[in-house]
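The first residue in the sequence is number 1, and the count goes up from there. Just follow the structure's listing: the first ligand is 1, and inside any ligand the first atom is 1.
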Amino acid sequence: MKVLTDDLIIKNFVEENNFSDAAKRLFELQKEQWQMLSDGCDSLETVKSKSFQFDGFKIKVQFNTGRMTSTSAKVDPKSISERKCFLCIENLPSEQKGVLYNDKYIMLCNPFPIFSEHFTLTYKEHKPQRIIDTFTDMLYLSKDFSKYYSVIYNGPRCGASAPDHLHFQAGNKFLMPIDDEFHQIKNEYGKQIFEDDTLSVFAIDDGLRKFISIESLDKELVVNTFNKFYKTYSELMNEEQEPMINIVSFYEEEYGWRIIIFLRAKHRPAVFFAEDKSKMLVSPAAIDLGGVCVFPREEDFNRITKEMIEKIFKEVFVDGKLLKKLQDDLKN
Ligand SMILES: [Zn+2]
């Protein structure tokens with residue numbers, strides 16, 4: 001594959017199974033070789049941001065004009081079928097280089113970054129975004145990138161801007177406030193579903209977000225718990241397609257995986273579709289819900305308030321009754 005980098009230092013890292021440093025090196029090299037990425041990183045350095053403090057956690061908002069295409073992406077089947085897939089190898093810009101992972105995924109740098117090092121981990125062939133049979137891949141990826149990065153997944157109907165091409169993303173740990181605040185949020189707002197020495201599963205409603213957390217050092221336990229969640233939740237939502245979820249996977253050598261599954265009722269809030277001056281271009285996906293909420297238009301960034309953030313977040317999540325039902329069903 002001519003997309004793959006021939007850098008020897010990266011090759012050495014890959015041979016040592018050190019994908020975190022391979023990724024870091026790839027990002028540095030690509031910034032030198034690829035103007036679009038270099039411009040994207042320059043513009044990220046000057047983005048405006050502000051922060052809203054809630055009870056026990058914060059939400060940062062970021063004015064990031066580079067995210068316009070992604071935020072406003074048309075992801076309906078007709079629009080998707082009419083565009084060239086921007087994740088297929090043959091459509092990548094000639095300067096873009098990648099690293100092969102496990103003979104399945106290609107690690108690529110995202111030229112419209114939110115993280116200072118932001119990657120797309122794209123499947124080597126064109127096949128739909130889907131988590132149920134790729135969740136194990138996500139666990140391996142997040143372990144292998146865990147020295148510096150968290151791995152995220154956006155469902156095909158709630159945030160993936162290429163719902164037709166399987167991909168994950170990776171970005172610097174601790175950019176999303178939830179990486180750091182998780183335990184405090186869990187202690188304050190979590191309801192235990194299951195807990196022993198090997199596995200901890202909680203249902204959490206922090207007032208803005210409703211999510212399930214799974215923590216374990218044991219990969220099989222995480223996978224089995226996720227599969228059980230997926231089945232129960234699909235039945236509860238009466239979904240034949242993938243239920244709307246965004247996932248953040250955070251791995252630490254000492255504690256293992258921490259999976260956060262955001263439970264979505266809606267892809268985009270009503271203000272996204274408004275045609276008057278109340279319109280706001282905001283399209284929450286995993287990174288936004290993890291606490292870095294991106295606004296590609298300056299006027300939206302300027303007038304966003306804590307109350308509006310609260311309203312937008314609440315609107316795109318399932319309600320408390322549903323979370324309670326899921327918690328009860330998972331306990332049984
Ligand atoms: Zn594709």
Side-chain angles (χ1 to χ4, degrees), residues 1-6 10 14 19 22-23 26-27 30 33-37 40 66-115 117-142 144-145 149-171 240-249 264 267-268 283 285-287 294 296:
M1 277 184 274
K2 90 177 191 310
V3 65
L4 299 180
T5 177
D6 50 14
I10 292 179
V14 169
F19 287 96
L26 178 71
F27 206 89
Q30 283 272 274
Q33 299 161 339
W34 184 22
Q35 192 64 40
M36 200 173 174
L37 179 65
R67 299 298 299 174
M68 182 65 87
T69 312
S70 176
T71 300
S72 54
K74 288 202 172 85
V75 286
D76 59 285
K78 184 168 182 290
S79 306
I80 291 295
S81 71
E82 284 169 355
R83 63 112 169 88
K84 267 211 252 176
C85 175
F86 59 87
L87 293 183
C88 274
I89 299 171
E90 60 270 27
N91 300 330
L92 297 176
S94 59
E95 301 94 329
Q96 188 164 25
K97 294 291 169 207
V99 175
L100 190 63
Y101 173 84
N102 261 354
D103 205 30
K104 275 187 176 180
Y105 291 87
I106 300 169
M107 177 202 309
L108 296 166
C109 302
N110 184 336
F112 307 109
I114 299 172
F115 299 95
E117 290 153 14
H118 194 158
F119 302 91
T120 309
L121 309 166
T122 170
Y123 192 71
K124 65 179 179 179
E125 283 151 26
H126 189 81
K127 73 169 187 183
Q129 181 82 331
R130 204 173 120 93
I131 193 64
I132 190 62
D133 44 10
T134 59
F135 182 71
T136 309
D137 293 348
M138 186 178 192
L139 297 189
Y140 281 120
L141 283 163
S142 54
D144 287 340
F145 284 79
Y149 311 109
S150 314
V151 171
I152 62 178
Y153 170 83
N154 287 320
R157 296 185 294 142
C158 57
S161 42
D164 53 339
H165 194 132
L166 174 63
H167 65 285
F168 300 94
Q169 296 178 61
E240 283 173 20
Q241 309 173 64
E242 181 172 310
M244 286 196 269
I245 49 178
N246 309 93
I247 307 175
V248 177
S249 176
R264 304 290 299 273
H267 173 209
R268 284 163 168 163
S283 186
I287 303 172
V294 172

Asks: Would you compute the distance between atom CD1 of Ile247 and atom CD1 of Ile131 and round it to the nearest 0.5 angstrom?
Replies: 4.0 Å
Asks: Would you say the side chain of Tyr123 lies within less than 4.5 Å of the side chain of Thr134, judging by non-hydrogen atoms?
Replies: no
Asks: Evaluate Asn110 against Phe115 for side-chain contact (heavy atoms from CB on, under 4.5 Å), listing each step before the verdict.
Replies: CA-CA 9 Å; Asn110 184 336; Phe115 299 95; over 6 Å; no
Asks: Given the rule in the side-chain contact (heavy atoms from CB on, under 4.5 Å) test, do Asp137 and Tyr105 qualify, once you have shown the distances and angles that lead to the verdict?
Replies: CA-CA 9 Å; Asp137 293 348; Tyr105 291 87; 2.6 Å; yes
Asks: Could you pull out all donor-acceptor pairs under 3.5 Å where a side-chain atom in residues 91-98 meets a protein atom, sequence neighbours excluded?
Replies:
from: Asn91; atom 1: ND2; to: Cys85; atom 2: O; distance (Å): 2.8
from: Gln96; atom 1: NE2; to: Cys109; atom 2: O; distance (Å): 3.0
from: Lys97; atom 1: NZ; to: Lys2; atom 2: O; distance (Å): 3.1

Asks: Over 60° means perpendicular and under 30° means parallel, so tell me whether Phe119 and Tyr149 are parallel, tilted or perpendicular.
Replies: perpendicular
Asks: Near the Zn ion (ligand 1), which protein N/O/S atoms are found at less than 2.8 Å?
Replies: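 Checking every protein N, O and S atom gives Cys85 SG, Cys88 SG, His126 ND1, His165 ND1.
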